[in-house]
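From a predicted model like this one, the values you see are computed outputs, not experimental measurements. Each chain gets a letter, A, B and so on, in the order the sequences are listed, and its residues count up from 1.
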Amino acid sequence: MSTITRFAPSPTGLLHLGNIRTALINWLYARTNNGKFILRIDDTDLERSKEEFTSKIKYDLEWLGIDYDETFNQSSRFDVYKERFNQLVDIGRIYPCYETPEELDRKRKLQMAAGGKPVYDRSSLKLTEKQKTDFKSEGRKPHWRFLMNSERVQWDDILKDKVDIDLLSLSDPVVYREDGVPLYTFSSVVDDIDFNVTNVIRGDDHTSNTAVQIELINSLDQNKITFAHHALLTASSGDKLSKRDNVISIESFRDKHIEPLAILSLLATIGTSNSIELKDSLQQIINEFRIKTISTSPGRIEIDLLNSLNKKLIQKFDYNEIEDRLKKIDNRIDRNFWETTRGNLDIVEDIKGWGDIVFNSNPIEPVDKEFIKIALDLMPDEPWNDETWSNWTSKIKDKTGKKGKDLFLPLREAFTGMSHGPEMKKLIQLLGRDKILERVKI
RNA sequence: GGUCCCUUCGUCUAGCGGUUAGGAUAUCUGGUUUUCAUCCAGAAGAUCACGGGUUCGAAUCCCGUAGGGACCGCCA
């Protein structure tokens with residue numbers, strides 16, 4: 001049977017580094033096993049789910065180059081969930097519950113206060129038929145729980161090895177809400193079965209869900225799913241990654257002009273035993289992927305790593321690859337301009353700043369006018385080449401006696417307005433004699 | 001309170017009973033570059049969380065302690 005994995009975000013917020021890492025791992029697992037990768041939109045909670053987020057999720061994945069073979073929304077399968085639900089009812093594994101959310105909340109608090117575990121006490125299971133009909137005639141609608149009947153559940157986890165969970169410390173899951181909406185624990189299982197998902201790879205936060213879900217799967221079908229739970233990433237502060245944490249959303253990185261491959265390189269290496277380095281391509285990431293290299297201990301994301309990977313990536317870009325982008329930033333940027341300035345860019349869009357310096361003629365007033373005047377007097381006629389700068393500066397040096405930093409820095413500042421930047425021997429060729437004369441005010 | 005998991009250079013990690021505890025990244029130094037970045041070379045950086053046990057021998061196996069994470073919802 002061929003491998004099928006899935007990524008199942010709920011469209012209630014933006015994708016962040018943590019989510020997309022899970023997506024990437026599932027995608028890589030499918031791709032390296034010649035399998036299929038499904039994008040499932042978990043939108044059963046109609047109030048919280050927003051179409052806007054669904055399209056953003058899809059756009060983020062596309063932007064990163066993570067393609068999927070199939071996609072569907074859970075909201076399109078309500079009738080299937082109902083069927084499966086009835087199947088469970090028939091075998092007596094479903095029971096109606098009439099507690100209100102407030103009641104349940106109070107119960108949990110009481111249990112905690114008494115030093116016990118906040119687990120549902122199954123009191124609705126003990127309801128008599130009369131009590132149930134009374135509730136019904138009062139117009140009270142039940143929510144429905146799945147009756148778990150194993151004490152423990154164990155499985156071989158690809159990443160955590162043998163996992164053995166005590167089901168008695170977990171509540172019977174609610175599978176249908178009072179308003180008739182199926183819940184994740186259930187709908188996810190139904191979909192995983194129906195779509196023949198072979199490997200569920202998700203964060204460690206789902207480990208106890210898995211125990212409950214295996215119980216559920218076994219009552220519907222025979223479990224054929226292999227699970228894997230990876231450690232969660234934490235923010236560099238050590239805090240949990242949150243969906244509300246927009247600073248690490250994929251969208252925010254895109255807005256900041258971080259390159260997809262830099263993000264993917266980071267996510268493919270952080271929290272794994274792979275070297276933290278820039279990958280040449282998505283293909284390289286696929287070739288090098290080994291699920292076992294993923295750590296089971298929670299690791300933190302250092303955003304600085306992403307920035308430096310991005311910078312390294314930019315240095316490798318050939319002009320042809322990004323010509324269109326550069327032209328959009330400033331259509332006067334050509335190959336020579338790119339090759340001269342790229343060493344000084346953190347993000348591609350930074351080149352705009354150098355465009356402003358080279359193409360615009362904002363006047364610059366030098367500090368040492370005397371010195372700059374001498375320099376301008378010695379400025380050679382065009383055409384200029386790579387030798388021009390050193391010939392010119394040695395003449396200035398002979399005339400003024402200045403050397404080293406005292407010689408070069410004032411010239412750089414007078415001609416560019418900046419104290420650092422690309423090599424001057426290249427940069428002056430971009431500027432040209434007229435621009436320099438026009439700009440420098442002495 | 002319960003359940004599950006984790007703990008090795010600043011950071012991400014290798015390690016599976018005998019290693020000078022390895023790598024990556026960050027840092028520092030030198031070279032290259034007028035400068036910065038890149039690149040090259042090198043250095044420094046870890047009492048393997050702590051305590052005990054098993055063993056000729058423990059980062060590695062066992063127990064305990066501490067710290068961290070996740071979950072315990074009519075969210076996903």
Counting side-chain heavy atoms from C-beta on, which of [options] comes nearest to [X]?
X         : options                : result
Ser169(A) : U34(B), U3(B), A76(B)  : U3(B)
Leu232(A) : C71(B), A70(B), C74(B) : A70(B)
Glu178(A) : A76(B), U11(B), C74(B) : C74(B)
Met424(A) : A76(B), A14(B), U34(B) : U34(B)
Glu423(A) : U33(B), C5(B), C74(B)  : U33(B)

Considering Watson-Crick and G-U wobble pairs with both distances under 3.5 Å, what does [N] pair with?
N      : value
A70(B) : U3(B)
G64(B) : C50(B)
A21(B) : none

Which part of the nucleic acid, if any, lies within contact of [X], taking any heavy atom under 4.0 Å across all strands shown: a base, the sugar-phosphate backbone alone, or nothing?
X         : value
Gln315(A) : nothing
Thr100(A) : base
Gly421(A) : base
Asp42(A)  : sugar-phosphate
Gln111(A) : nothing
His206(A) : base

Review point. Mind checking whether Leu88(A) and Leu216(A) have side chains closer than 4.5 Å, heavy atoms only?
Key: yes

Review point. Is there side-chain contact between Arg202(A) and Thr210(A), with at least one heavy-atom pair below 4.5 Å?
Key: yes

Do the side-chain N or O atoms of [X] get closer than 4.0 angstrom to the phosphate oxygens (OP1, OP2) of [N]?
X         : N      : value
Arg152(A) : C4(B)  : yes
Thr207(A) : C4(B)  : no
Arg342(A) : A37(B) : no
Ser275(A) : U25(B) : no
Lys292(A) : C16(B) : no
Arg300(A) : G68(B) : no
Arg108(A) : G73(B) : yes

Nearest whole angstrom, please: distance from the [atom2] of [N] to the [atom1] of [X].
X         : N      : atom1 : atom2 : result
Leu159(A) : U13(B) : CG    : P     : 13 Å
Glu47(A)  : G73(B) : CD    : P     : 19 Å
Asp166(A) : C4(B)  : CG    : C1'   : 10 Å

With rounding to the closest Å, how many angstrom separate the [atom1] atoms on [N] and [M]?
N      : M      : atom1 : result
C4(B)  : G10(B) : C1'   : 30 Å
A46(B) : U11(B) : C1'   : 13 Å
A58(B) : A41(B) : C1'   : 37 Å
G30(B) : C71(B) : P     : 49 Å
G18(B) : C12(B) : P     : 26 Å
A14(B) : A21(B) : C1'   : 10 Å
G45(B) : U20(B) : C1'   : 16 Å
A43(B) : C5(B)  : C1'   : 38 Å

Review point. Can the ring centroids of Phe195(A) and Phe72(A) be said to lie less than 6.0 angstrom from one another?
Key: yes

Check your understanding: Within the modelled atom types, does a donor on one side and an acceptor on the other bring the side chain of Asn209(A) and the base of A76(B) under 3.5 Å apart?
Key -> yes

Check your understanding: Any N or O donor-acceptor pair linking the side chain of Asp45(A) to the base of C75(B) at under 3.5 Å?
Key -> no

Review point. So which one's nearest nucleotide on RNA chain B is more toward 5', Gly343(A) or Lys117(A)?
Key: Lys117(A)

Review point. Does Ile270(A) or Tyr120(A) map to a spot on RNA chain B nearer the 5' end, using the closest nucleotide for each?
Key: Ile270(A)

Have [X] and [Y] got a donor and an acceptor in their side chains that come within less than 3.5 Å?
X         : Y         : value
Asn336(A) : Asp334(A) : no
Tyr81(A)  : Asp191(A) : yes
Ser124(A) : Glu99(A)  : yes

Study note, to complete from the structure: Closest non-hydrogen atoms of Ser390(A) and Thr393(A), given as atom of the first, atom of the second and distance, are O-OG1, 3.2 Å

Review point. Do Lys126(A)'s NZ or CZ and the ring of Tyr95(A) fall within the cation-pi criteria of under 6.0 Å and 45°?
Key: no

